[in-house]
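In what follows, every chain begins at residue 1, and chains take the letters A, B, ... in the order their sequences are listed. Because the structure is predicted, anything quoted here is derived from the model rather than measured.
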Amino acid sequence: MVSKLSVRVAGLHLEHPVMNASGILGATPEHIERLASYGFSAIVTKTITPQPREGNPPPIIVEIPNIGLLNAVGLANPGKNIVPKLVEVSKRLGKPIVISVGGSTPSEFLEVASIAEEAGADAIELNLSCPHAKGYGIEIGSDPYQSYEVVKTVANSVKIPTIAKLGLCDRIVEVASKVLEAGAKGLTLINTVRAMVIDVMTARPVLSNVFGGLSGPAIHPIAVRVVYEVYRELRPEIIGCGGVVDWVTAAELILAGARAVQVGTALMWKENIVYDVLIGLRRLIEHFGVRSIEDLVGYSHRV
Amino acid sequence: MVSKLSVRVAGLHLEHPVMNASGILGATPEHIERLASYGFSAIVTKTITPQPREGNPPPIIVEIPNIGLLNAVGLANPGKNIVPKLVEVSKRLGKPIVISVGGSTPSEFLEVASIAEEAGADAIELNLSCPHAKGYGIEIGSDPYQSYEVVKTVANSVKIPTIAKLGLCDRIVEVASKVLEAGAKGLTLINTVRAMVIDVMTARPVLSNVFGGLSGPAIHPIAVRVVYEVYRELRPEIIGCGGVVDWVTAAELILAGARAVQVGTALMWKENIVYDVLIGLRRLIEHFGVRSIEDLVGYSHRV
Amino acid sequence: MLANGIYLAKLRLVEPFESYPSPAQFVMVWVPGVKEMPMSISHYSCDGELTIVFRVRGVGTQKLASIGIGSVLGIRGPLGKGIAIRPEWKRVAILAGGIGIAPTPLLVSALTVHGCETHLFWGAKTRSELFDLDKIFVDKPDRIEISTDDGSYGFRGTVLELFKSVANVHSYDAVIAIGPNPMLRAVCEDMELKRIDPMVVMETIVKCGRGICGSCYIRGSTKLLCIDGPAFRCSEVMHHLRSLD
Amino acid sequence: MLANGIYLAKLRLVEPFESYPSPAQFVMVWVPGVKEMPMSISHYSCDGELTIVFRVRGVGTQKLASIGIGSVLGIRGPLGKGIAIRPEWKRVAILAGGIGIAPTPLLVSALTVHGCETHLFWGAKTRSELFDLDKIFVDKPDRIEISTDDGSYGFRGTVLELFKSVANVHSYDAVIAIGPNPMLRAVCEDMELKRIDPMVVMETIVKCGRGICGSCYIRGSTKLLCIDGPAFRCSEVMHHLRSLD
Ligand SMILES: Cc1cc2nc3c(=O)[nH]c(=O)nc-3n(C[C@H](O)[C@H](O)[C@H](O)COP(=O)(O)OP(=O)(O)OC[C@H]3O[C@@H](n4cnc5c(N)ncnc54)[C@H](O)[C@@H]3O)c2cc1C
Ligand SMILES: Cc1cc2nc3c(=O)[nH]c(=O)nc-3n(C[C@H](O)[C@H](O)[C@H](O)COP(=O)(O)OP(=O)(O)OC[C@H]3O[C@@H](n4cnc5c(N)ncnc54)[C@H](O)[C@@H]3O)c2cc1C
Ligand SMILES: Cc1cc2nc3c(=O)[nH]c(=O)nc-3n(C[C@H](O)[C@H](O)[C@H](O)COP(=O)(O)O)c2cc1C
Ligand SMILES: Cc1cc2nc3c(=O)[nH]c(=O)nc-3n(C[C@H](O)[C@H](O)[C@H](O)COP(=O)(O)O)c2cc1C
Ligand code: FES
Ligand code: FES
């Protein structure tokens, strides 16, 4: 029996629509196990680059009360060789696994993506949108042509679904359209937004990296808007991400056009958020009298 | 005697660095008088277009608790003929007045700017960045060439200082550089960020205009980042705007590079915010042992 | 429906108001997909049931009148300052014109709680716009007088004429008038001669309801109806009321 | 300075902690422009004075040791879970190795408040790393025994050897060990034989302190030190401690 909450997105068959967002844990087998214990329907790894990356020294996060989080972890990750181990533990736990892939050139992305495919990962999420790791993100993702190149290179070579994770940028609809043309099966929208915090008593930027990515409640209305606009123009398969902290914030992304959602920052406050979201979504399905959550995808465009 | 808090910015001599942000009142003489009573050092008008604009029907705002405000007022304003009356009342109250000017073509901007100059306004702020009034804002402001044209047209024709108000966009430093080249004496950074809210119980976008501009605490770390980046690259005269809710948020913008700040959304909660900010800034001047607030402009780049 | 074109709606709030609303406070009522409109709070029970009374005027109120039980609306509020009841008030006259009756139940309840005697004078154009006041009042006014412009019910004439003919303004500690602007202007001008400064509960165009868009400003004053009102002293709004013709 | 390379710092918080910290909880100390480091809370007074005790290891602690009175630092915390003191504990042994002494004042105070007798065993490499414990303890342990690896002060040997030679593990309701990982491993392995599962207060690399970056993970387990620790049972971290060579 297929449950009311099960969804298909970008070739993945998920028990329910709540996945974790890349970069919240997800870099070691132990992390994968912990994420699985949170109840996510699929596990997304930390962005993996070909070579290990140390990341930035602390401070790497600043919490802004009520508003969200600023982070500059700096794509710290153990490098591509970890991928098979991550896949293995996720398979053992019966969870689909999406390998988030980072790089500074199309061939670097392909390098990790190929290992992921070989290792038996269920999908690849190309991180085209990190706003604070120079050369590894939003510079690519805000340019339709560079994004096209990366996605094309990977989607042409690997058979598992390729998902493109995009960030806030001026030409988001155009970028989305190009990466879909290049072969992306789905889009994750959005990544963090470039921002900074200064400590006024010392006048110093708090993050060691100066700039970081803003996530959490602050970016939620922006994420909903991006999902809504991209869905309206292109009707692609979208995974919504940004400021999901409860069932309402998750539902907004789904109604705007997302087939699934990812949760990042909220895990800092609420480790049981998955169940909170699922209970709310189940009530919403009843409220609208529809058969399944899939009927509510993009519903705001139809009322 | 020049006080510790007085600043010069874009040709304006201000008693202190706290102005109102355009669009919070500022469309009628009565509004100007109320803004003056809040203690601002200069009054910025609502964006005035050549012709009157009705604006959008309600709902035009959505409050997002703790996070900020989403608005789609839609540049409602009484049109250019109001300008002399606005200037007159501000002069009577002894406050410098900045006319915020909107338009969809360079000549529309010029039309209002010329009236402002004739009427004796102290400066013009070109709104190149409204994220939700189609054709009247961020489409211009995110394109360096269109922005250049508008600023050039106005700055070539009027003698009072021209300030360009920019919004969040991918090439913000490039746009800033072009408008300065075109003759802008200063930059106001930043306008609201395009966003939306969906009511989940009805699945409907709440704003009648669907999309609106996000302001308040949510965009503050983004505004600080934009001010910091633009100051670092170009050292222009900046008026910081976005999420100023107390002296700390004001100070961050100043330390990042702003010579003055504007307050919008916070007026909804705190009509006495100006004094709150000034008291804090005075303490900060003592804390750092500098002579005046001007010594703290861009201080974060020097520590 | 209470009368021709006049409706009462009971709304259950998902989250009760943070504090009990004061008389004359209002809410913004969002009819999803249509529009959002300011509406006075007629009554509120602490468990979150909000009553509004409204007259159909345009598309918004029409839609509001036609939606069924169980529909979802959006409510923002309570907004505005509301009327602060003074301890020295022992007897208060309330002059309501037409749909100006809407906020009076909450006002009468508040005055009653404070031990104040309330006399209600209600004027309408014609009989078909009247309805049984028991349907909206939780606490009953101590005296009710009614007029119609055409004399089809009660006193023939305006509510001001009614008031002047059956009551003595000097026997009241306060006069509160609620209704269309021309009526409020007439009340203010009449009382001005008697050196009385009544309270008027007004309407202007309310869009944001939070003091930022400026659409509700009172002409010739720095006041904003949505945050300083909607109740003002005549002296504060005379310029505004006179400038409306 | 308390001893060779060991410092005590008293920090005044701008805003006091929301709740009183539990033993073994820590803070992230930001030395502006340099780095941010995890530091145990040695003591805390309700008016917002925080005491830390630290050993200079690299650039961060060096800088921390050299900044003057009146400097501004950033503090995040209290972080971690802290040790929950059990009502059945009547006598507890604390084994501290080197700078592992840092969190013990808060721990001893908490145990004392709960009416529990505390025996402290402190081991250091050599005499110059020792200091007068009165300088850091607000509540004194009921018994203090000291060892140095080179015998330059007190018992010659490790703190575990000291403990085994002068005390009977079975006379304690709980054993809590704090110190470098090799010491903790030795303690855990020794006690395992006696079928005792002591508590160990550990260190891993802490970056975010909030359970999201994953740098502090305990190998072979789903635990994160920054939110589940830093105090664990030996049984929870044995795999981790063994995998470190
Ligand atoms: C503080 C306040 C309290 C109110 N309380 C009540 C009440 O309890 N019962 C009631 O029936 N009416 C009340 N009104 C008036 C009510 O808001 C309007 O009748 C309603 O907005 C009309 O909307 P519509 O779409 O039906 O008509 P429309 O076709 O939009 O307009 C009809 C008329 O309504 C008025 N109006 C329209 N939009 C607004 C607006 N945004 N703000 C104010 N007036 C507007 C104008 O006079 C307009 O000419 C109140 C108004 C205010 C300002
Ligand atoms: C929960 C916890 C509590 C601690 N409490 C204390 C204490 O009370 N007193 C004390 O002196 N020390 C304490 N430490 C260790 C302290 O954090 C390190 O000594 C400090 O970070 C070293 O920084 P550095 O720049 O001086 O040295 P570095 O040159 O950066 O490194 C020297 C050594 O310190 C350790 N270290 C470096 N960075 C970190 C990090 N981010 N997290 C953990 N360890 C690190 C590593 O072992 C490294 O080899 C604690 C560590 C943790 C995890
Ligand atoms: C600490 C942290 C680390 C992150 N690391 C990554 C990453 O490695 N790759 C990536 O694509 N996104 C990364 N992100 C972005 C998140 O996946 C997500 O897009 C963003 O945080 C918005 O979602 P949220 O508001 O639910 O956190 C990171 C976010 C945070 C807070
Ligand atoms: C209700 C509202 C109306 C606004 N109208 C204008 C406008 O007409 N012109 C303009 O340049 N900016 C307008 N803005 C943007 C503000 O001037 C300001 O840039 C933005 O709100 C960020 O500042 P804040 O966080 O202090 O509100 C408006 C903002 C709000 C909230
Ligand atoms: S309605 Fe917007 S200011 Fe009053
Ligand atoms: S330090 Fe980041 S998860 Fe523990």
Side-chain angles (χ1 to χ4, degrees), chain A residues 62 64-68 70 131 138-139 142-143 168-171 193-205 210-212 214 216-229 232 243 247-256 280 284 287-288 296 298-303, chain B residues 62 64-68 70 131 138-139 142-143 168-171 193-205 210-212 214 216-229 232 243 247-256 280 284 287-288 296 298-303:
Chain A
V62 192
I64 316 177
N66 299 316
I67 303 302
L70 193 67
I138 193 71
E139 302 92 336
S142 55
D143 177 355
L168 180 65
C169 63
D170 297 349
R171 300 194 280 167
V193 178
R194 189 170 164 90
M196 79 182 283
V197 168
I198 293 173
D199 173 64
V200 297
M201 297 311 281
T202 60
R204 290 192 190 270
V210 179
F211 304 114
L214 183 64
I219 67 167
H220 182 259
I222 302 173
V224 174
R225 183 269 287 184
V226 170
V227 169
Y228 189 94
E229 281 193 325
R232 189 179 57 177
W247 75 267
V248 173
T249 41
E252 275 187 79
L253 289 166
I254 291 171
L255 295 169
L284 201 67
H287 171 76
F288 283 112
L296 293 181
Y299 201 62
S300 283
H301 299 265
R302 298 192 294 274
V303 288
Chain B
V62 193
I64 316 176
N66 298 318
I67 303 305
L70 194 66
I138 193 72
E139 303 91 336
S142 55
D143 177 356
L168 180 65
C169 63
D170 297 351
R171 300 193 282 166
V193 178
R194 189 172 165 89
M196 80 183 283
V197 169
I198 292 173
D199 173 63
V200 297
M201 297 311 280
T202 61
R204 291 195 188 265
V210 180
F211 304 114
L214 183 64
I219 68 167
H220 182 258
I222 302 173
V224 174
R225 183 269 288 184
V226 171
V227 169
Y228 189 95
E229 280 194 323
R232 188 179 59 177
W247 75 267
V248 173
T249 41
E252 273 185 81
L253 288 167
I254 292 171
L255 296 169
L284 200 66
H287 171 76
F288 283 114
L296 294 181
Y299 201 63
S300 283
H301 300 265
R302 298 192 295 275
V303 287

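By number of non-hydrogen pairs under 4.5 angstrom with chain B, the leading residue of A:Val248, A:Asp199, A:Ile64 is A:Val248. Interface check for chain B: of the options A:Ala218, A:Ala195, A:Pro65, A:Ser142, the most heavy-atom pairs under 4.5 Å are formed by A:Ala195. Heavy-atom pairs under 4.5 Å with chain B were tallied for A:Arg194, A:His287, A:Arg171; the largest tally goes to A:Arg194.
Taking CD1 from B:Ile219 and CD1 from A:Ile67, the interatomic distance works out to 11.0 Å, rounded to the nearest 0.5 Å. With rounding to the nearest 0.5 Å, the separation of CE in B:Met196 from NE2 in A:His220 is 10.5 Å.
Inter-residue side-chain proximity for B:Leu168 and A:Leu168 is flagged as met; some heavy-atom pair is nearer than 4.5 Å. Side-chain atoms of A:Ile222 and B:Leu214, non-hydrogen and from C-beta on, do get closer than 4.5 Å to each other. In this structure, the side chains of B:Leu284 and A:Met201 come closer than 4.5 Å at one or more pairs of heavy atoms. Taking 4.5 Å as the limit, some side-chain heavy atom of A:Leu255 sits within range of a side-chain heavy atom of B:Val200.
Only the side chain of B:Val193 comes within contact range of chain A, judged by heavy atoms closer than 4.5 Å. Heavy atoms of B:Val210 lying under 4.5 Å from chain A belong exclusively to its side chain. Of the two parts of A:Val62, neither the backbone nor the side chain holds a non-hydrogen atom closer than 4.5 Å to a non-hydrogen atom of chain B.
Of all non-hydrogen atoms in B:Cys169 and A:Asp170, the two that sit nearest each other are CA-OD1, 3.3 Å.
A search for side-chain hydrogen bond (donor to acceptor under 3.5 Å, both in side chains) contacts involving A:Thr249 returns A:Asp246, not counting sequence neighbours. Residues passing the side-chain hydrogen bond (donor to acceptor under 3.5 Å, both in side chains) test with B:Asp143, sequence neighbours excluded: B:Gln146.
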